[in-house]
Amino acid sequence: MSLRLINGRDVAAQVTEALNDRLQALRVQGTNPGLAVVVVGDDPASHVYVRMKGKACERLGMLSRTHILPSVTSEDELLDMIDSLNADVEIHGILCQLPLPPHIDERKVIERIDPHKDVDAFHPYNVGRMLIGDPLFLPATPAGIQRLLMSYDVETRGKHVVVLGRSNIVGKPMASILMQKGDGADATVTVAHSRSKDLAGLCRQADILIAAVGIPLFVKADMVKEGSVVIDVGTNRVDDATSDKGYRLVGDVDFDNVKEKVSAISPSPGGVGPMTIAMLMENTVKAAEMSLRH
Ligand code: GUN
């Protein structure tokens, strides 16, 4: 069977390109979308992601504001910053990069963001709207995975999707998106996690396996069904003395061995990551469009 490589960079470029007409229409009406990204502390991976988000905005000619706050920032200071971004008419999307330092209550911060500016779709209001199938925004990573599957004509209707991992950022929303009615959904979804019995057996039942556990090379060839489709959400840093940086990025899937068994696979890096950024841009454009309607 021939193997299809699911190339997230190509699809992300198409998603981004398609935003240009919408951006033009907004600018004719005097609005340029603005995204504020807040990062607290010095987690190196967070800073990489935040830089990529800012650059993606700039490439589209959108307003990008990045607020880098020290790790000693108090919860109240962060909440004040969110309040001022909520009130800022130039800012249509607000994103607070997670994780936050342990002295800050993540839920309090997320709940402070105006749901109409919550381009991460992490606010309980947006989580609820997603779950009932009437979303304002969809969270960028799972929405990007759905778009990738659709773009490669991977049928989800009636298929058994196993989502490995139950995080609020990927696993739970992924399951809730794919169980909805409609194109790119209508799947039978199993959410498997560290407490699941016979994890490997569950994974082997998957027509589509979505790995989001954050453990390097966790999914081995004996955990996948012959001919299935595998999406790797992981980007894990592993030590590598031969690399200039001292580390390299690997996915949650043992790509080299798994690729011999499956019909399609998304690599990491180069799969889901670029889609996350593209969908965030799409959400920010949508937020700006919504701001003109109310
Ligand atoms: N940390 C890891 N992924 C994400 C994301 O999509 N959004 C935010 N805000 N933080 C993250």
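Start at 1 and go down the list; that is how both ligands and their atoms are numbered.
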Handout entry: pair Tyr49-Thr235: side-chain heavy atoms closer than 4.5 Å
Key =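 With C-beta onward as the side chain, the pair touches.
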Problem - Within-4.5 Å side-chain heavy-atom neighbours: Met81 and Leu69 - result: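 Yes, side chains in contact.
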Practice task
Would you mind checking if Asp83 and Arg112 are paired as a salt bridge, meaning a charged N to carboxylate O distance below 4.0 Å?
Solution key: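 Result for this pair is yes, salt bridge flagged.
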Problem - Cationic N near anionic O, under 4.0 Å, Asp88 to Arg65 - result: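 Looking at Asp88 and Arg65, the cut-off is met.
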Protein residue, atom and distance nearest to [atom], heavy-atom basis:
{"atom": "atom 10 (N) of ligand 1", "result": "Leu98 N, 3.0 Å"}
{"atom": "atom 9 (N) of ligand 1", "result": "Asp120 OD2, 2.6 Å"}
{"atom": "atom 11 (C) of ligand 1", "result": "Gln97 NE2, 3.4 Å"}

Practice task
Output the list of atoms in ligand 1 that are nearer than 4.0 Å to some heavy atom of Leu95, sorted by atom number.
Solution key: 9 (N)
Practice task
Could you pull out all residues at least two apart from Lys159 that satisfy side-chain hydrogen bond (donor to acceptor under 3.5 Å, both in side chains)?
Solution key: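 Scan of Lys159 (side-chain hydrogen bond (donor to acceptor under 3.5 Å, both in side chains), adjacent residues dropped) gives none.
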Practice task
Using distance alone, determine whether Cys96 and ligand 1 share an N or O pair under 3.5 Å.
Solution key: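 Such a contact does occur with ligand 1.
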Practice task
Answer with yes or no whether Phe122 contacts ligand 1, where contact means a heavy atom under 4.0 Å from a ligand atom.
Solution key: yes
